[in-house]
2 protein chains.
Amino acid sequence: MAGKGEETRERILDRAQAMILECGYAGVSIDKLIQSLGLTKGAFFHHFRNKNDLARSLIRRYADQGLELFSDNLARAKKLTDDPLQQFLVLIGLYEEIFEDLTEPYPGCLLASYVYELQQFDEQTRAIINEEFVLSRAELSKLIGEIMTIHPPCRDVDPVSLADGFMSVFEGAFILSKSLDEADITIQQLRHYKTYIELIFTRSDV
Amino acid sequence: MAGKGEETRERILDRAQAMILECGYAGVSIDKLIQSLGLTKGAFFHHFRNKNDLARSLIRRYADQGLELFSDNLARAKKLTDDPLQQFLVLIGLYEEIFEDLTEPYPGCLLASYVYELQQFDEQTRAIINEEFVLSRAELSKLIGEIMTIHPPCRDVDPVSLADGFMSVFEGAFILSKSLDEADITIQQLRHYKTYIELIFTRSDV
DNA sequence: TAGATTGCATACCATTCGGTATGTTTTTAA
DNA sequence: TTAAAAACATACCGAATGGTATGCAATCTA
């Protein structure tokens, strides 16, 4: 069984994440958080030592979910085709699917939210953020490296910056999507990225 | 003459922007801000009605500077060549130049910082953010539209999402740059975007 | 040069903040 | 069934917060 305590803890994390993506970490007080959940301080401090503990648990969960989603999508892509290039294109398509059904803008990336108030967090929390990007970059650039050995790119590109480009698409699109209040920006930018990958690796002239 | 008051006001704005990009708007208290400047509350509240007034003045200044930089760069590009495609490529190159000399990561985009705590700000402040993206998008998509009439793209792309892509590159790259503490990510992503534009508009096959 | 305005400092205030101490109820396990 | 541990609630605290009221010296203006 999940346990009622664990359920409450998850409820706190969910609500905290939603509120942080709208008001920022420093902008979400523990009072406001628990009030919006109908809880009290006793409940909060039973599940978290302090506010920084909440921040760390939250970004840990978000980073783990992100890496898990990536692994799942990559595994699915690898089952569908053997060619690394097609694997990557399928992988991008799988991410597109996630954002296809959204009618409202994606609430945002918690990592990005933290990055824009980095000094609010302790070293451990900052390390989690860094780690997530480093791991994603490593896995992605490895795949792109495989692509390059089979499909010579028509321009001189390095796999690491191309991997960064994939993550950058999300981060950039989320910000535009939030400020312009348009849900489909993320998909459009993902499609552009996919087109770019295609153009780079499917023609060896120019 | 600039006036001593206006000079102090600018000092406050400069320091506030730097601190907000590191701690977020809610994370920067007026006390910390004025203390880091060696000023007092009297000084702050002489120049700003309240904290929200600071926020509005700050984003107004940042947005104006951004649009001005864009206009300047576009004007320079238009003087250098008559072809809209080349104008855009030169424009991107001019932005590259700005980030070429940076040894540390760009401190970040104030608009993005605000976007991740949007609910902290009043309607007027949020409107400025929206306006900046809308205006940039309009100017850019207009130029890209001109490109498309002369250079038929090899893929079916729309100018608005391509314009969004340009802004998105900055926003995404800044986040990666800050979290990974690497200064050259922005340039690399700008180069990728430029390559994408080249590939889209210089090949009419596939 | 008198008066008014600007530019800033000092002192203070009500509220909110993160956090603690101490309960009380509910659930779990022997 | 009962003890204990978990899951919450209540009440409180010092510090930090945004903001105000007031004072005063410098500067500008008539």
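Given the structure is predicted, the values throughout are model-derived calculations rather than measurements. Lettering of chains follows the sequences in order, A, B, ..., and the numbering in each one begins at 1.
As a whole-Å value, the separation of Leu54(B) CG from dT17(D) P is 15 Å. Atom NE2 in His47(B) sits about 17 Å away from atom P in dG19(D), given to the nearest Å. The distance from atom CG of Asp31(B) to atom C1' of dC12(C) is 13 Å, rounded to the nearest whole Å. For the pair Phe45(A) CZ and dC13(D) P, the computed distance is 17 Å after rounding to whole Å. Taking atom CG of Leu37(B) as the reference point, atom P of dG7(C) lies 17 Å away to the nearest angstrom. The nearest whole Å value for the distance from the CD1 atom in Ile34(A) to the P atom in dA11(D) is 14 Å. As rounded to whole Å, 16 Å separates atom P of dA16(D) from atom CD1 of Ile30(A). Computed from coordinates, the Arg11(B) CZ to dG7(C) P distance equals 14 Å when rounded to whole Å.
Within the nucleic acid shown, Phe44(B) has no heavy atom closer than 4.0 Å to any nucleic acid atom. Note on Ser29(B): only backbone sugar-phosphate atoms sit closer than 4.0 angstrom, heavy atoms only; bases stay farther off.
Side-chain proximity of Asn50(A) to the nucleotides dC8(D), dG7(C), dG19(C) is greatest for dG19(C). Picking from dG18(C), dC8(D), dG19(D) the nucleotide with the shortest atom distance to the side chain of Ala43(A) gives dC8(D).
The aromatic ring centres of Tyr25(A) and Phe121(A) sit less than 6.0 Å apart. Two rings, from Phe99(B) and Phe174(B), have their centers less than 6.0 Å apart. Between Phe170(A) and Tyr95(A), the ring center distance clears the sub-6.0 Å criterion.
In this model, the phosphate group of dG7(C) is not approached by any side-chain N or O of Thr8(B) to a distance below 4.0 Å at OP1 or OP2. Contact between the side-chain N/O atoms of His46(B) and the OP1/OP2 oxygens of dG7(C) is found at a separation under 4.0 Å.
If you find the closest nucleotide of DNA chain C to Tyr25(A) and to Gly42(B), the one lying nearer the 5' end belongs to Gly42(B).
Of the charged side-chain nitrogens involved, none lies within less than 4.0 Å of a carboxylate oxygen, so that Glu139(A) and Lys142(A) do not count as a salt-bridged pair.
For dG18(D), the base has a donor-acceptor partner in the side chain of Lys41(B) [N/O atoms by modelled type, under 3.5 angstrom].
Annotation: side chain of Asp158(A) is in contact with side chain of Ser161(A) (closest heavy-atom distance under 4.5 Å).
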